[in-house]
Colleague: 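Quick one: structure below, then a few questions.
First the proteins, then the strands, lettered A, B, ... as listed; each starts at 1.
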Amino acid sequence: MPKNLANPGVFEKYIRTFSPWLGVFSIVLLSVGLWFAIFNSPVDYIQGETVRIMYIHVPSAWLGMTIYSVVALSSFIGLIYGHIVAYIIAKASAPIGAVFTLICLVSGSSWGKPMWGTWWVWDARLTSVFILFFFFIGFIIFSKSFKDPVKGEKISSILALVGFINIPIIKFSVDFWNTLHQSASISKLDNPTIHVDMMIPLLLMFLAFLFIFMFLLTIRLQAELNDRRYVTHALNVK
Amino acid sequence: MKKFFLLLKKETRNTFSFRGNYILCLIFYMAILFLLPLGIGPEKDMLSNISPGLIWVSVILVCFLSLENIFYEDFNDGTLDLYLIGDLSLYQISFAKSFSHWLSNCLPIVILTPIFGIFVSLPNEIIFPTMVTLLIGSPALSFIGCMGASMSLSSRWHGLIVPIIILPLFLPVLIFGAGALSTLIFNGFEEVYIRQLFVLAGLSGLAIVFCPIISSYIIRVYFE
């Protein structure tokens, strides 16, 4: 772990070196994962070919929750230590998380139409993921709406922390309320209720999505760092 | 403690006085409850089935309308600075603000439920349970909303941004508040209704305890 990573200049140098590698990794993982998901995975005996939507739907749902946790955690670190980099990570990853949550919602509803016979139900899991999407949107709009970025960062990180209540609700919504959405079949580590042939492409797709997230994050971080530099400069000149 | 009650009295009196907006809120509430049956259709059975939900949704919309004024004027004309100079803590100030918002905006609505319920043909035996759920659930609306109002003080679109950031936090209150009444109407389960009331009371309690802390921290950030 290198020192001075909290220094924005040092941090920027690191992400500049990592960014292309992350891009290469994500393309390789995505192509392998998609090949597995589309051509080399078994067909479900009830759902047929529509089961392949899972390989987009489940990883993007996991990532949506992971990214919100990243936002909340980095806001927390930012509030405690006052590192600019932590705030900027929160700001940069929120739009990516919103897009992944949207992908999860859209793919889920297009999976629900053939399987459940409806595009949308007000089920606990669906509602809580929708609320997560709202939290992302609120955080993005809110963090952009401040005249003074220094205060804006602090206050929007409090909003991100308040929204973190939603993550355990999403996780346990299928266990608390017995509803239409099925419960978790992978996180039961000792004996997952999913076959290995389906699990491998799923995990590959999750890794691919994770690397895509990190790749996009490095690009967005450079933009946010430049933006922040410009804004602080403008404030100092004035 | 004496000063806290003075502040509470002053805030409440301000809202009830002529420059306050509580009349506006009541009229807006009436307008929503007037528009909804016209849009849905005047069938009495259907209306009385969905009336608790309609009342809860309109209460939340009215809250959105009145929230932006909690801190904004005092923040802009310097009254908040004067409060800070005095020996009230920020926690007390934000608690008094939220509580006076509840007293002046939510309590009249709760009390007037039997009258406004006529518009959406609220069944007679549901009137009292509706008032109870509103009474227990609306403090959560006021206190969470007050937190949102303090967050949006120096944001560029302060009035429009409050509903966006507060909406997801209002949803549990709406779900349990309207859900308790729906179980009472559709199934008649007293027990389930009371259990949901407990959840609602828990939400309100959490909001009353934690939201003033958060909003006092936020206001502290503004005056750094």
Colleague: Pick from A:F130, A:F146, A:F134, A:F139: which one has the most heavy-atom pairs with chain B under 4.5 Å?
Modeller: A:F146
Colleague: For A:A208 versus A:S26, what's the shortest heavy-atom pair and its separation?
Modeller: O-CB, 4.3 Å
Colleague: Counting only non-hydrogen atoms closer than 4.5 Å, does B:F210 touch chain A with its backbone (N, CA, C, O), its side chain (CB onward), both, or neither?
Modeller: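 Neither part, no heavy atoms under 4.5 Å.
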Colleague: Can you label the angle between the B:F99 ring and the B:F95 ring as parallel, tilted or perpendicular, going by 30° and 60°?
Modeller: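 Parallel, since the angle between the ring planes stays under 30°.
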Colleague: For chain B, which candidate among A:I137, A:N166, A:V162 shows the most heavy-atom pairs at distances under 4.5 Å?
Modeller: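 The residue among A:I137, A:N166, A:V162 with the greatest pair count is A:V162.
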Colleague: With a 4.5 angstrom heavy-atom cut-off, is it the side chain or the backbone of A:K147 that approaches chain B, or both, or neither?
Modeller: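 The answer is both parts of A:K147.
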Colleague: Considering only heavy atoms and a distance below 4.5 Å, find which of A:K144, A:K154, A:K151 pairs most often with chain B.
Modeller: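 Between A:K144, A:K154, A:K151, the count favours A:K151.
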Colleague: Answer whether the closest heavy-atom distance between the side chains of A:L63 and A:F206 falls below 4.5 Å.
Modeller: yes
Colleague: Any side-chain donor paired with an acceptor under 3.5 Å for B:S155 and A:S145?
Modeller: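 Distance-only check passes for B:S155 and A:S145.
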Colleague: Measure the spacing between OG1 of B:T183 and CZ of B:F176 and express it to the nearest 0.5 Å.
Modeller: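 Here the interatomic distance stands at 11.0 Å.
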